Protein chains: 2
Amino acid sequence: MSRQAPTLEDVAREAGVSRATVSRVVNGVRNVDPDIQDLVRHAIERTGYTPNRAARSLVTRRAETVALIVSGAKDAFAARVFADPFFGRVVSGVVGYLRARSMHPVLLFAESEAGRKQVVDYMRQGSADGALVVSILADDPLPEMLLSAKVPTVLFARPGRTAPISYVDVDHRAGGGLAGARLLARGCRHIAAISAPPELPAGQDRLAGFRDALARADRCPPPVVEGAFTLDSGAAAMTTLLREHPEVDGVFAANDLMAQGACQVLREQGRRVPEDVAVVGFDDSSIAMTCRPPLTTVRQPVEDMASTMAKLLHEQVEGARTEPRTVIFEPELVVRESA
Amino acid sequence: MSRQAPTLEDVAREAGVSRATVSRVVNGVRNVDPDIQDLVRHAIERTGYTPNRAARSLVTRRAETVALIVSGAKDAFAARVFADPFFGRVVSGVVGYLRARSMHPVLLFAESEAGRKQVVDYMRQGSADGALVVSILADDPLPEMLLSAKVPTVLFARPGRTAPISYVDVDHRAGGGLAGARLLARGCRHIAAISAPPELPAGQDRLAGFRDALARADRCPPPVVEGAFTLDSGAAAMTTLLREHPEVDGVFAANDLMAQGACQVLREQGRRVPEDVAVVGFDDSSIAMTCRPPLTTVRQPVEDMASTMAKLLHEQVEGARTEPRTVIFEPELVVRESA
DNA sequence: ATGAAAGCGCTAACAG
DNA sequence: CTGTTAGCGCTTTCAT
């Protein structure tokens with residue numbers, strides 16, 4: 001990066017044509033004589049020319065870059081977010097779509113008010129053409145900030161507050177239904193649930209779908225104990241369930257972490273999983289596989305969702321679509337050993 | 001991003017000063033009258049001005065961006081790389097350093113010859129100021145390609161081929177020593193190892209350090225079975241070990257995945273971990289915690305390493321240092337239940 | 001089909 | 001301390 005890089009001008013001189021012509025062949029614009037194209041191409045090769053990104057962006061007003069924003073994670077928490085395979089799957093899906101279009105994701109954090117401002121600024125500088133937002137918390141103010149800064153934006157998961165923003169999501173309700181149906185199919189007679197914190201709409205949907213499934217089978221409404229999406233809260237909820245409903249033989253936990261906590265308590269109390277009590281989780285996180293026993297769980301097609309998210313953004317940037325769109329994906333039951 | 005964004009010119013007009021002056025206050029250059037600074041700041045606020053990144057980059061020749069390149073992962077494999085918590089920890093460390101300097105990481109893949117070319121091109125366009133490379137495979141050609149394109153580069157882990165490139169790494173040999181010492185301290189009499197594939201120098205170093213530790217304690221050289229860093233290979237190796245050395249009571253596996261495989265086989269064959277056979281892994285991956293029993297393992301300070309990597313790159317970009325540097329980190333024994 | 005010329009928005013000498 | 005003046009390298013009318 002030290003010696004002066006060759007510019008369009010250099011190539012033009014070398015090929016004996018004008019800058020404009022070289023620019024045309026570089027960008028594959030038609031209306032260029034094939035012979036001259038060759039001429040230019042050779043000159044490019046000889047000079048080792050590569051277009052300068054900044055100069056191009058300055059005039060095209062395109063960064064060929066999208067921001068992948070993890071929003072809502074507190075500082076200390078940030079490391080965990082990245083270490084979670086879920087994040088990796090999102091990255092993988094996004095990259096899968098972008099790379100074919102020679103676009104690249106820039107990683108951004110927004111874990112505080114200041115962080116959100118910085119992110120918005122970053123976007124307003126034109127550093128990226130649009131934003132892909134993964135919010136950790138419900139009620140994240142970032143999407144609306146982006147919206148009012150007129151930054152093309154697509155979210156992973158439905159926003160807490162309704163707003164005209166595109167997003168992708170999974171059909172949580174259907175997922176809960178899958179879990180309920182599985183427990184029913186196993187012949188469980190006394191089914192219960194460990195639910196999500198009430199402020200998470202997705203969690204409520206999972207529970208609703210689960211209840212639907214039982215209702216469709218003419219079962220009475222199941223006992224539900226609220227959890228907090230953590231291992232400990234799952235364990236605590238299971239303890240409560242066991243005390244108040246010792247006859248329980250099937251449990252749906254609204255995420256894998258709580259399912260794992262439940263399994264631990266079950267084992268400690270001498271109940272076998274799945275023989276005595278069947279357990280179904282949600283998310284198919286890495287825990288699901290390493291848990292003992294491996295968890296039967298509901299899987300979100302995260303990679304597909306992420307790549308669709310990138311696609312929606314791309315279309316929005318290209319101006320092909322302007323009205324917000326939402327795409328909902330079907331979850332899938334992954335049967336392992338716990339149910 | 002639709003309506004015309006205000007430019008320096010607009011702010012200058014609004015404040016009744018020249019563009020240069022506005023530029024100076026925006027960039028915090030001294031030599032500006034405090035009163036005028038205020039004037040300008042207000043004008044900036046009124047107009048809602050944000051500097052245009054491309055225009056600035058064009059003249060400063062700085063992208064304020066570094067590329068974080070995952071190199072050597074085959075396409076299908078790519079998803080796994082990202083899903084591995086290790087990658088998340090790298091990202092976390094890198095971001096930790098960069099964010100304070102308002103720089104951002106762009107994610108790049110290079111899984112084939114074509115991919116590597118694209119990456120080099122990307123860098124030559126000036127899209128990023130330097131490259132942070134995490135190679136999955138030994139003998140990755142990318143670092144040298146970057147080197148000859150004069151792209152400032154820092155690697156995670158020592159390169160396969162020796163080259164004048166900066167890198168950070170952990171003292172693998174010391175790590176192996178830690179593992180050996182732990183097994184010794186537990187009082188194991190018959191210690192064995194499941195080693196890494198021979199083409200990975202880091203794996204060989206781990207084994208060497210492990211052997212050193214035993215030698216220092218006047219033990220005879222331990223039996224070693226080669227693994228391939230996978231769960232299955234760890235299980236297979238353990239099976240072999242048990243057959244050929246049924247008296248074994250302590251095992252060092254060169255990574256956690258193989259350690260987990262070993263634990264599974266041990267349990268299946270009715271050996272208790274750690275009572276009958278103690279097991280030490282390497283990496284402190286997420287598996288280590290979810291494994292049954294939780295793995296005693298050797299931890300690399302990945303976040304620190306990654307942020308140091310970013311720092312070395314930054315210094316190199318700033319021109320403060322020109323000769324390649326390497327920083328080696330001390331590994332740490334994480335004691336859990338398996339040994 | 002090609003060239004000439006006008007910027008894109010910003011920074012950085014250089015004057016004053 | 002502030003303003004003037006050149007560009008940075010590229011795309012894109014507008015002529016030709």
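These numbers come from the heavy atoms of this one structure, side chains and all, not from hydrogens, waters or symmetry mates. All values derive from a computational prediction rather than experimental measurement. All chains are named by letter (A, B, ...) in the order of the sequence lines, taking the proteins before the strands, and each is independently numbered beginning at 1.
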Spacing of [X] atom [atom1] relative to [N] atom [atom2], expressed in whole Å:
X     : N      : atom1 : atom2 : result
B:R62 : C:dA12 : CZ    : P     : 11 Å
A:R61 : D:dC10 : CZ    : C1'   : 13 Å
B:L39 : D:dT2  : CG    : P     : 10 Å
B:D10 : C:dC10 : CG    : C1'   : 13 Å
B:R13 : D:dG3  : CZ    : P     : 15 Å
A:I44 : D:dC10 : CD1   : C1'   : 13 Å
B:N52 : D:dC8  : CG    : P     : 18 Å

- Which is true for B:N31 with a 4.0 Å heavy-atom rule: it touches a base, it touches only sugar-phosphate, or it touches nothing?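 Base: the residue B:N31, judged by heavy atoms under 4.0 Å, touches a nucleobase.
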- When you check the gap from the basic side-chain N to the acidic O, do A:R53 and A:E64 get nearer than 4.0 Å?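 No, A:R53 and A:E64 are not salt-bridged.
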- Item | A:Q37 (side chain) donor-acceptor with A:V32 (main chain) under 3.5 angstrom |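 Yes, A:Q37 side chain to A:V32 backbone: donor-acceptor pair under 3.5 Å.
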- Task: Output, in order, the C-alpha distance, side-chain angles, deciding distance and verdict of side chain to side chain contact (heavy atoms under 4.5 Å, CB included) for B:R62 and B:V317.
- Result: CA-CA 9 Å; B:R62 279 283 160 55; B:V317 169; 3.5 Å; yes
- Query: Below 4.5 Å, heavy atoms only, C-beta onward: do A:V170 and A:P301 meet side chain to side chain?
  - Reply: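 A:V170 reaches A:P301 side chain to side chain.
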- Message: Pairing donors with acceptors under 3.5 angstrom, does anything connect the side chains of A:S71 and A:D140?
- Response: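 Yes, A:D140 and A:S71 have a side-chain donor paired with an acceptor closer than 3.5 Å.
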- Flag for B:Y97-B:H314: side-chain donor and acceptor within less than 3.5 Å: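 Side-chain D/A pair, B:H314 to B:Y97: present.
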- OP1, OP2 of C:dG9 versus side-chain N and O of B:T7: anything below 4.0 Å?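 So the side chain of B:T7 is outside the cut-off, no N or O lying under 4.0 Å from OP1 or OP2 of C:dG9.
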- Message: Please encode protein proximity along nucleotides 11-16 of chain D as a string of B, S and -, counting only heavy-atom distances under 4.0 Å.
- Response: BBB---
- Query: Closer to the 5' end of DNA chain D via nearest nucleotide, is it B:S18 or B:L58?
  - Reply: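 On the 5' side of the pair lies B:S18.
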